[in-house]
Every structure is written in structure tokens, then in C-alpha cells.
Chemist: 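First the structure, which I've put down as C-alpha cells, then a few questions once you've had a look.
Read the numbers this way: they start at 1 and go in the same order the structure lists the ligands and their atoms. Sequence positions, counted from 1, serve as the residue numbers for this chain.
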Amino acid sequence: MDMNKTCAVITGGASGLGEATARVFAEAGAKVTLLDRDTTRGPQVAAELGGTFVETDVTDEASVQAALSAAKEAMGGLNAAVNCAGIAIAETTLKKDDGIHSLESYRKVIDVNLTGTFNIARLAADAMKDNAPEPDGNRGVIINTASIAAFDGQRGQAAYASSKGGVVGLTLPLARDLARNGIRVMTIAPGIFMTPMLAGLPQEAQDSLAASVTNPKRLGDPREYGRLAKFIVECGYLNGETIRIDGALRMM
Ligand SMILES: NC(=O)c1ccc[n+]([C@@H]2O[C@H](COP(=O)([O-])OP(=O)(O)OC[C@H]3O[C@@H](n4cnc5c(N)ncnc54)[C@H](O)[C@@H]3O)[C@@H](O)[C@H]2O)c1
């Protein structure tokens, strides 16, 4: 799909990987709408990019329905959805002080990262299904964000890794379900990227994380994620797969 013809919603577009994706897409000529619950930074980023911001909770059906309608109207269409909204917690199953992993926090992470991703995917697919097809029948693309924690989850990542493993598992059946509608589904599994979350860590901690990457020995630049998402939009033969972008990092 040509970026000049791309009308994309980007969840989590107010920060980090979603924001970088919105910037890369807009610079390449795409129309962008940022869906985020951050009502401070979201509108600022959207204004900078000549795009639109819609306050959205990805876990909520009515909120996403309204956001997608608003986005479609603002952009004159919708043919790409990038799922970057997400949360991370660190909590062990049995804690040092005898506590047990909270079920509420587990459910919350699954709700935002996994159910939120599916909520956007199913409703965005419905909004794309009547698009005029490209010559090869493609009508749109959905890009999800997992994590290498889906494969190499660490101590304290039971909830996060479950949610991201779910996103990986969702990718192929969703691509198969939506094949008859001409909608592709891809997932990106990032390693460690320099987003606001990591920029807040002490330099020493950042250096140690960078040293753990196989090659190159640095954290990922969010724009590298955005460029991969752009390539997925442009390359119509990519479908039903998860791509790791991690400098060959394998967490032990
Ligand atoms: N940064 C990394 O190193 C890294 C690595 C692997 C995977 N990821 C994944 O990439 C995605 C983006 O991460 P990031 O580092 O850019 O995080 P970030 O915290 O910078 O951005 C996440 C955005 O999602 C939004 N959000 C959270 N819950 C929401 C909800 N219910 N509805 C709407 N918006 C919501 C937040 O407001 C925020 O703007 C996440 O899914 C994260 O798990 C990040």
C-alpha cells in the first residue's frame, strides 16, 4: 500500500513507539489519527503532525467504536491500524515478603495489552472491510505490538509475557479470519527500545541493558520500530507473522 494513500489509526500514539510510528507515517505522506488515553501529549503530537487525536480507551468497546468513526471521518477513510497502546508491570508470582501476584493486576495487563489489541483489530477490520481493494485484493492492514517477552519472558513478567504471547497467538488466526476481507495482520515483537519508560532509568541501567544486546550494542530507536511498521504497510505480501526487532537479543 502506498503511504500517500494510507489513513492510519495508531493506538498509544501519544508516546514511545506509537508516537514514533505516527511521525514516520506522517513524514511519508500518510494521514494519521492518534488514539490514546493521554489527553495532554496526544493532542500536542497530533497537532505537530497535522493529524487528529481522539481520546480512547482501547479496552472499551464504545470508546473504540466512537474513535474509529471519528478517525475515519477526519482522514476520509481508514486502511491501517497500528496497536501500540500497552502497559507493563513487574510482579512475581510469589513475592519475597510472602505476598501473591494480584489477580487484579494480571487481569488489567491482559485487558489492555491483549483484549485491547483484539478490540481495535476487530472493530478496525469492520471499518476497513468495504474499502475499495488494491489490485491484489488488499483492503487494509492491522499491525500489533508484542514483545520479545512473548518468547523469553523474565522473572516478574508473568502477566506481561502472557499478554504478549497472546498477541503473537492472535496473529495467524486473525490473518486467516480476515483473509476473505482482504485485510492483512502482522505483529512486531520489539526488544528493548529507548522510549520514555527506559529514558527514565539511570544511565548505568541503560548501559547495562544496551550491553546485553547481541549486535548492535544499543537500545532500539523508536523510529526503527516505526520504519518496520511502514514497511509492513507498504509490503502487501507480509501477512500472518510476527517479526522480532531486537538486535538478536535473547533474554536468558
Ligand atoms: N519500549 C520497549 O522497549 C518495548 C519493548 C517491547 C514491547 N513494547 C510494547 O510496545 C508498546 C508501546 O510501548 P512504549 O514503550 O511506546 O510505551 P509508552 O508507555 O511510551 O506508550 C504507551 C502508550 O499507550 C497508552 N495507553 C496505555 N493504556 C491505554 C489504554 N487503555 N487506551 C489507550 N491508550 C493507552 C499510554 O497512554 C501511552 O501513551 C507497548 O505495547 C509495549 O508493551 C515496548
Side-chain angles (χ1 to χ4, degrees), residues 9-24 33-46 53-68 71 81-90 105 107-121 123-124 143-154 157 159-168 170 187-201 205-206 209-210 212-213 218-226 228-229 242-247 249-251:
V9 289
I10 299 159
T11 77
S15 177
L17 303 184
E19 177 184 339
T21 302
R23 290 185 186 281
V24 169
T33 301
L34 314 185
L35 312 186
D36 205 297
R37 61 181 185 188
D38 182 341
T39 53
T40 307
R41 185 118 179 92
Q44 287 168 8
V45 177
F53 168 77
V54 187
E55 182 181 359
T56 312
D57 177 354
V58 295
T59 66
D60 185 272
E61 177 161 27
S63 171
V64 170
Q65 281 279 24
L68 292 175
V82 186
N83 271 306
C84 285
I87 56 172
I89 60 161
S105 63
R107 285 191 172 128
K108 176 77 184 159
V109 173
I110 298 291
D111 199 29
V112 176
N113 293 359
L114 179 55
T115 312
T117 295
F118 182 63
N119 195 26
I120 290 279
L123 296 174
I143 301 172
N144 304 317
T145 308
S147 161
I148 60 169
F151 312 104
D152 319 326
Q154 301 293 292
Q157 286 194 318
Y160 185 72
S162 306
S163 72
K164 296 304 188 177
V167 172
V168 171
L170 183 60
T187 293
I188 300 175
I192 311 171
F193 278 68
M194 182 58 101
T195 60
M197 195 174 66
L198 278 141
L201 291 177
Q206 289 182 28
L209 285 170
S212 69
V213 181
R218 61 171 174 80
L219 303 187
D221 175 348
R223 286 185 65 91
E224 292 173 315
Y225 172 101
L228 177 55
T242 298
I243 303 176
R244 292 178 72 129
I245 178 167
D246 62 3
L249 172 61
R250 297 293 180 272
M251 297 277 208

Chemist: Give the numbers and elements of all ligand 1 atoms closer than 4.0 Å to a heavy atom of T195.
Modeler: 1 (N), 15 (O), 16 (O)
Chemist: For residues T11 and A85, report the shortest heavy-atom separation together with the two atoms involved.
Modeler: OG1-N, 2.9 Å
Chemist: Could you find the nearest protein heavy atom to atom 20 (O) of ligand 1 and give me its residue, atom name and distance?
Modeler: S15 OG, 2.6 Å
Chemist: Heavy-atom contacts with L198 under 4.0 Å: which atoms of ligand 1 show up? List them by number with element.
Modeler: 3 (O)
Chemist: Which distance, rounded to the nearest 0.5 Å, do you find between the CZ of R244 and the CZ of R250?
Modeler: 3.5 Å
Chemist: I'd like the name of whichever of E55, K108, R37 reaches closest to atom 29 (C) of ligand 1 through any heavy atom.
Modeler: R37
Chemist: Checking Q65 now: which residues fulfil side-chain hydrogen bond (donor to acceptor under 3.5 Å, both in side chains) with it, not counting sequence neighbours?
Modeler: none
Chemist: So, the side chain of N119 versus the backbone of V58: is there a donor-acceptor pair under 3.5 Å, distance only?
Modeler: yes
Chemist: Atom CD of Q44 and atom CG of D38: how far apart are they, to the nearest 0.5 Å?
Modeler: 8.5 Å
Chemist: Is the closest heavy-atom distance from Y160 to ligand 1 below 4.0 Å?
Modeler: yes
Chemist: Which pair of heavy atoms, one from R223 and one from A20, lies closest together, and at what distance?
Modeler: N-CB, 3.9 Å
Chemist: Taking only heavy atoms of T56 into account, list the atoms of ligand 1 that are under 4.0 Å away from them.
Modeler: 32 (N), 33 (C)
Chemist: Return yes when G13 approaches ligand 1 closer than 4.0 angstrom through a heavy atom, no otherwise.
Modeler: no
Chemist: Please report the interatomic distance CG(N113) to CG(N83), rounded to the nearest 0.5 Å.
Modeler: 10.0 Å
Chemist: With a cut-off of 4.0 Å, which atoms of ligand 1 are near a heavy atom of G16?
Modeler: 16 (O), 20 (O)
Chemist: Considering non-hydrogen atoms of the protein only, which is the closest contact for atom 2 (C) of ligand 1, and what is the distance?
Modeler: F193 N, 3.7 Å
Chemist: Determine, considering heavy atoms only, which of I192, D38, D36, V112 sits nearest to atom 38 (C) of ligand 1.
Modeler: D36
Chemist: Calculate, to the nearest 0.5 Å, the distance between atoms CD1 and CG belonging to I192 and L219 respectively.
Modeler: 6.5 Å
Chemist: Any atoms of ligand 1 less than 4.0 Å from a non-hydrogen atom of C84? List them with their elements.
Modeler: 11 (C), 12 (C), 40 (C), 41 (O)
Chemist: Looking only at heavy atoms, what is the nearest atom pair of S162 and I110, with distance?
Modeler: CB-CD1, 3.9 Å
Chemist: So for ligand 1, is G18 a polar contact partner (N or O within less than 3.5 Å, distance only)?
Modeler: no
Chemist: Taking N or O atoms only and a 3.5 Å limit, does N113 qualify as a polar contact for ligand 1?
Modeler: no
Chemist: If you have a sec, work out which protein heavy atom is nearest atom 4 (C) of ligand 1 and how many Å separate them, to one decimal?
Modeler: G191 O, 4.0 Å
Chemist: Could you work out, for atom 7 (C) of ligand 1, the closest of A199, P196, A146 by heavy-atom distance?
Modeler: A146
Chemist: Using distance alone, determine whether T145 and ligand 1 share an N or O pair under 3.5 Å.
Modeler: no
Chemist: Backbone, side chain, both or neither: what part of V58 comes under 4.0 angstrom of ligand 1, heavy atoms only?
Modeler: both
Chemist: Closer than 4.0 Å to some heavy atom of L17 - which atoms of ligand 1 meet that?
Modeler: 10 (O), 16 (O), 44 (C)
Chemist: Is atom 43 (O) of ligand 1 in close reach of the protein, with a heavy atom under 4.0 Å away?
Modeler: yes
Chemist: Could you identify the single nearest non-hydrogen protein atom to atom 31 (N) of ligand 1 and state the distance to 0.1 Å?
Modeler: D57 OD1, 3.1 Å
Chemist: To the nearest 0.1 Å, how far is atom 23 (C) of ligand 1 from its closest protein heavy atom, and which atom is that?
Modeler: G12 CA, 3.6 Å
Chemist: Where does K164 meet ligand 1, judged by heavy-atom distances below 4.0 Å: at the side chain, the backbone, both, or neither?
Modeler: side chain
Chemist: What pair of heavy atoms forms the shortest contact from A150 to G165, and how long is it?
Modeler: CB-N, 3.7 Å
Chemist: Verify, without hydrogens or angle tests, whether S63 (side chain) and D57 (backbone) share a donor-acceptor contact under 3.5 angstrom.
Modeler: yes
Chemist: For the CZ atom on R107, are there more than 12 heavy atoms of other groups (residues, nucleotides or ligands in this structure) within a distance under 6.0 Å?
Modeler: no
Chemist: Among all protein heavy atoms, pick out the one at the shortest distance from atom 22 (C) of ligand 1; state its residue, atom name and that distance to 0.1 Å.
Modeler: G86 O, 3.9 Å
Chemist: Between atom OG1 of T115 and atom NZ of K108, what is the distance when rounded to the nearest 0.5 Å?
Modeler: 10.5 Å
Chemist: Quick one: pull up CG in L17 and OG1 in T145 and give me the separation to the nearest 0.5 Å.
Modeler: 6.5 Å
